[in-house]
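Read the structure below first, then the notes.
Values reported hereafter were calculated over all heavy atoms of this structure, with side chains retained and with hydrogens, waters and symmetry mates removed. As the structure lists them, so they are numbered: ligands from 1, and atoms in each ligand from 1.
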Amino acid sequence: MRVYFDYNATTPLSAEVVDAVIQATRDQFGNASSVHHFGQQAKAALDDARSAVGRLINGDPSEIIFTSGGTESDNFAIRGAADALEPSSRRHLIASAIEHEAVLNTFKALARRGWRTTLIPVDHTGVVSPARLRDLITADTALVSVMHANNEIGTIQPIAELAGIAHEHGALMHTDAVQSAGKIPVDVRAAGVDLLSLSAHKFNGPKGAGVLWVKRGTRMQPILTGGRHERSRRAGTENVPAIVGMGVAATGTRAKLDAEAARDGTLRDRLEAGILAAVPGTAVNGGDSPRVPNTTNISFDRVEAESLVIALDLEGIAVSTGSACSSGTLEPSHVLRAMGLSAHRTQNSLRFSLGLFSTGEEVDRVVDLLPRLVDKLRGLTRRSQTVGIN
Ligand SMILES: Cc1ncc(COP(=O)(O)O)c(C=O)c1O
């Protein structure tokens, strides 16, 4: 039995999405910009997907720009707004310290071009405080970017309140809703944002398709220049099969949202309670804050998270850490670090993220297995410390 508890990394496609992608690959091969029948068929398929994604987020289809995924949408939101505002006196950008790298590294790139950037710190709750934004925002802030739900710990941010503050100061508000769409309601009007990013592969759609929702009237410069696709806002021949799949996934996820959130929440809570009860020295990170229902991030005292990921994988269970392993050195999670967790705890935390195909049987298997694996790893750590190797 293989268990996939890494839905925040990517999700499996639902059966109707697979069928739609196959059918569009075969039948809608036309270039959506072509005037002939084949092109118009492809364009009609894109229009259906545009409407479906619009319904998922309460946005107008004309405000939906198709992209290659969450990374491009975040880049487009920030670079596109910054480029449009470059001639103004606004030269300051604000994001939270717990954003995805797609936002953080875009900020770094713009800082090298002379933009002033500020990261809003968070505390152990993993939630961005509107009061902190009020302290940091200035008359020359061009854009505030805060994610709707965090990918590592699942905490939900008070976007409507943050957007209100941004607007009071004449700044644009962007939210990365990549990890909230399909898990909790996402409503661009209720959130009061100007820009919102989505990625299809996080809600049972295909990889390589995403959306930047741009509120009508928002001034943006394209970051991909070329033909007049997407109303001249994003050049490049549209990936019709992936976009069709995203539309079908958006419709499916919208229809199932409440039921699936309740089901995932029950499974996640059972997993979390089971692990805390069965494994001593465990604690949930961000557990007291509002969270998306599918995610839990748990610290295992005296266990290196990477070793536990490998031990679980050998048993057929897929989970992940918040740490990125690059060139053999473990980078502690910037999210857990921003929350003020100790260096040790940032490196012994695991993320379990559930979804559409997760079952109670899978939860029970993980809860059954973990105490033995953790005991074994703790034993190894003790032995290596005793003989002085590490
Ligand atoms: C919060 C968040 N933003 C952006 C991305 C990037 O999305 P994509 O993989 O579609 O480029 C991810 C993916 O991990 C994410 O979790």
Original post:
When you look at E63 and R189, which way does the salt bridge (charged side-chain N to carboxylate O under 4.0 Å, His left out) test go after all the steps?
Top reply: CA-CA 12 Å; E63 299 169 313; R189 313 281 168 209; 2.6 Å; yes
Original post:
Side chain, backbone, both or neither: which part of D74 comes within less than 4.0 Å of ligand 1 when only heavy atoms are counted?
Top reply: side chain
Original post:
Nearest to atom 14 (O) of ligand 1, what protein heavy atom do you find, and at what distance?
Top reply: K202 NZ, 2.7 Å
Original post:
Which bit of T71 gets closer than 4.0 Å to ligand 1, counting heavy atoms only: side chain, backbone, both or neither?
Top reply: both
Original post:
Among E152, H100, Q179, which residue places a heavy atom closest to atom 12 (C) of ligand 1?
Top reply: H100
Original post:
Hey, are S349 and N285 close enough side-chain-wise for a donor-acceptor pair under 3.5 Å?
Top reply: yes
Original post:
For E99 and A95, which heavy atoms make the closest approach, and how far apart are they?
Top reply: CG-CB, 4.0 Å
Original post:
Which of the atoms of ligand 1 are close to S199, meaning less than 4.0 Å from one of its heavy atoms?
Top reply: 8 (P), 10 (O)
Original post:
Between R351 and V319, what is the shortest heavy-atom contact and its length?
Top reply: O-CB, 3.6 Å
**OP:** Report the part of E72 (side chain from C-beta onward, or backbone N, CA, C, O) that has a heavy atom under 4.0 Å from ligand 1; answer both or neither where that applies.
**Re:** neither
Original post:
Among side-chain atoms of H169 and T141, is any donor-acceptor pair under 3.5 angstrom?
Top reply: no
**OP:** Determine whether the side chain, the backbone, both or neither of E99 has a heavy atom under 4.0 Å from any heavy atom of ligand 1.
**Re:** neither
Original post:
At a non-hydrogen distance cut-off of under 4.0 Å, which region of K207 contacts ligand 1 (side chain, backbone, both, or neither)?
Top reply: neither
Original post:
Atoms of ligand 1 less than 4.0 Å from D176 heavy atoms?
Top reply: 1 (C), 2 (C), 3 (N), 4 (C)
**OP:** Could you check atom 9 (O) of ligand 1 against the protein and tell me its nearest heavy-atom contact, residue, atom and distance included?
**Re:** H201 NE2, 2.9 Å
Original post:
Do we see a donor-acceptor contact under 3.5 Å between the side chains of H174 and S197?
Top reply: yes
Original post:
In the protein, what heavy atom is nearest to atom 8 (P) of ligand 1, and what distance, to one decimal place, separates them?
Top reply: G70 N, 3.5 Å
Original post:
Is there a path from M147 to V335 through hydrophobic residues (I, L, V, M, F, W, Y) whose side chains come within less than 4.5 Å of each other?
Top reply: yes
Original post:
Which is it for E16 and K256 under the salt bridge (charged side-chain N to carboxylate O under 4.0 Å, His left out) test, yes or no, and what are the steps along the way?
Top reply: CA-CA 13 Å; E16 69 261 29; K256 290 190 281 267; 3.8 Å; yes
Subject >> Positive for salt bridge (Lys or Arg N to Asp or Glu O under 4.0 Å) with D60, one of R50, R216, K215 >> reply: R216
Original post:
For ligand 1, which atoms, with element, lie under 4.0 Å from some heavy atom of M147?
Top reply: 1 (C)
Original post:
For ligand 1, which atoms sit closer than 4.0 Å to a heavy atom of G69?
Top reply: 10 (O)
